[in-house]
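Notes follow once the structure below has been shown.
Numbers here simply count residues along the sequence, with the first being 1.
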Amino acid sequence: MTRRQRLTPQDWIKAAFRLLTADGPSAIRVDLLCRELDVTKGSFYWHFKDLAALKAAMVSHWQQVATHDLITSLTAAELAPRALIIRLFEDVLDVPARDYGGAMAETAIRHWASGDAAVQAVVRDADAERLAFLTLQLRAAGLTGPEARSRASFLYAALIGMEQLAAEPALTPTNISGFVGAVLTPTAPQ
């Protein structure tokens, strides 16, 4: 990016995500961001009050795109629960935009949350919203109360793990349809 191009807050957020996924949360620094974007510190402070404001904008962007927008997109499609969950896996495992850190963005956010209480609170909120959504879909598919919640937790854990492994070129594509079918099969009474 040349100095003559006008930066937006989104440009700073993208650069911060790239630094986060490449080098961890300690790399989200004004000097490194300015070097990444080839601008002065004044440009940063034109867009953000301070580094904390940029970090808050980053996690807000992550929660909006990776939770709210995804759920809205899935529910707007008016799919049956099984098809919706398969689409969820496909959408999440599709490599996110490199502008925002690529496939490791979710992993990087979770790593960041382990050492930052504010980020941890946002991740916790996103997890709760995602689990509630999955539980609702499993109930709509015919699972009941505790079984729906338990399987939603299992499904969510598998999804987070698969997302982290998606960047591994040695892994083969997963049979998402078969996996979702198994999760949706009620436990036989014993």
Side-chain angles (χ1 to χ4, degrees), residues 1-76 88-134 152-153 156-169 171:
M1 179 168 293
T2 67
R3 289 181 187 209
R4 294 182 186 174
Q5 292 176 319
R6 183 169 291 252
L7 293 175
T8 66
Q10 212 57 37
D11 293 321
W12 289 97
I13 291 169
K14 288 176 185 178
F17 267 103
R18 290 190 302 268
L19 290 174
L20 172 68
T21 57
D23 299 316
S26 64
I28 307 170
R29 298 186 351 220
V30 175
D31 60 326
L32 295 178
L33 286 162
C34 290
R35 189 176 313 139
E36 169 87 7
L37 294 170
D38 192 26
V39 296
T40 66
K41 288 182 181 181
S43 178
F44 174 81
Y45 291 107
W46 176 260
H47 293 93
F48 295 96
K49 176 184 170 192
D50 54 23
L51 194 56
L54 169 66
K55 290 177 177 181
M58 287 176 68
V59 294
S60 176
H61 171 84
W62 169 79
Q63 186 174 29
Q64 181 64 44
V65 171
T67 302
H68 305 307
D69 291 354
L70 182 59
I71 289 171
T72 299
S73 152
L74 290 167
T75 54
L88 170 65
F89 269 79
E90 291 169 348
D91 288 356
V92 168
L93 297 177
D94 188 27
V95 178
R98 288 186 188 272
D99 284 352
Y100 291 98
M104 296 309 292
E106 178 90 14
T107 302
I109 288 282
R110 289 180 177 283
H111 171 69
W112 184 13
S114 70
D116 186 310
V119 178
Q120 186 177 57
V122 174
V123 170
R124 214 178 273 131
D125 287 347
D127 286 343
E129 185 175 350
R130 293 167 176 184
L131 277 168
F133 175 72
L134 281 171
S153 295
Y156 186 53
L159 185 57
I160 295 291
M162 289 172 69
E163 185 176 20
Q164 290 184 21
L165 295 174
E168 295 297 324
L171 294 177

For D11 against R6, the heavy-atom pair lying closest together: OD2-O, 4.1 Å
Side chains of residues 114-124: which donor-acceptor partners sit under 3.5 Å, not counting sequence neighbours?
| residue | atom | partner | partner atom | Å |
| --- | --- | --- | --- | --- |
| S114 | OG | H111 | O | 2.5 |
| D116 | OD1 | A118 | N | 3.0 |
| D116 | OD1 | V119 | N | 3.2 |
| Q120 | OE1 | R124 | NH2 | 3.2 |

Could you work out, with side-chain hydrogen bond (donor to acceptor under 3.5 Å, both in side chains) as the rule, every residue matching S43, not counting sequence neighbours? none
Closest heavy-atom pair, Y45 versus D50, reported as atoms and distance to 0.1 Å, is CE2-CA, 4.1 Å
L70: what forms a side chain to side chain contact (heavy atoms under 4.5 Å, CB included) with it, not counting sequence neighbours? L74, L88, D91, V92
Donor-acceptor pairs are to be reported for all side-chain atoms of residues 55-66 against protein atoms at under 3.5 Å, with residues two or more places apart or in another chain.
| residue | atom | partner | partner atom | Å |
| --- | --- | --- | --- | --- |
| H61 | ND1 | Q10 | NE2 | 3.3 |
| W62 | NE1 | E106 | OE1 | 3.3 |
| Q64 | NE2 | D69 | OD1 | 2.6 |

For the side chain of H47 and the backbone of W12, is there at least one donor-acceptor N/O pair under 3.5 Å apart? no
What distance do T107 atom OG1 and I160 atom CD1 have between them, rounded to the nearest 0.5 Å? 8.0 Å
Gap between atom CD1 of I13 and atom OH of Y100 - 0.5 Å precision: 7.0 Å
Can you give each donor-acceptor pair under 3.5 Å made by side-chain atoms of residues 19-34, sequence neighbours left out, with the distance rounded to 0.1 Å?
| residue | atom | partner | partner atom | Å |
| --- | --- | --- | --- | --- |
| T21 | OG1 | F17 | O | 3.1 |
| T21 | OG1 | R18 | O | 3.2 |
| T21 | OG1 | G101 | O | 3.4 |
| R29 | NE | D31 | OD1 | 3.0 |
| R29 | NH2 | D31 | OD1 | 3.3 |
| R29 | NH2 | D31 | OD2 | 2.6 |

Partner set under ring-ring contact (aromatic ring centres under 6.0 Å, His included) for F133, not counting sequence neighbours: none
For the residue pair V39 and F44, establish whether any side-chain heavy-atom pair is separated by less than 4.5 Å. no
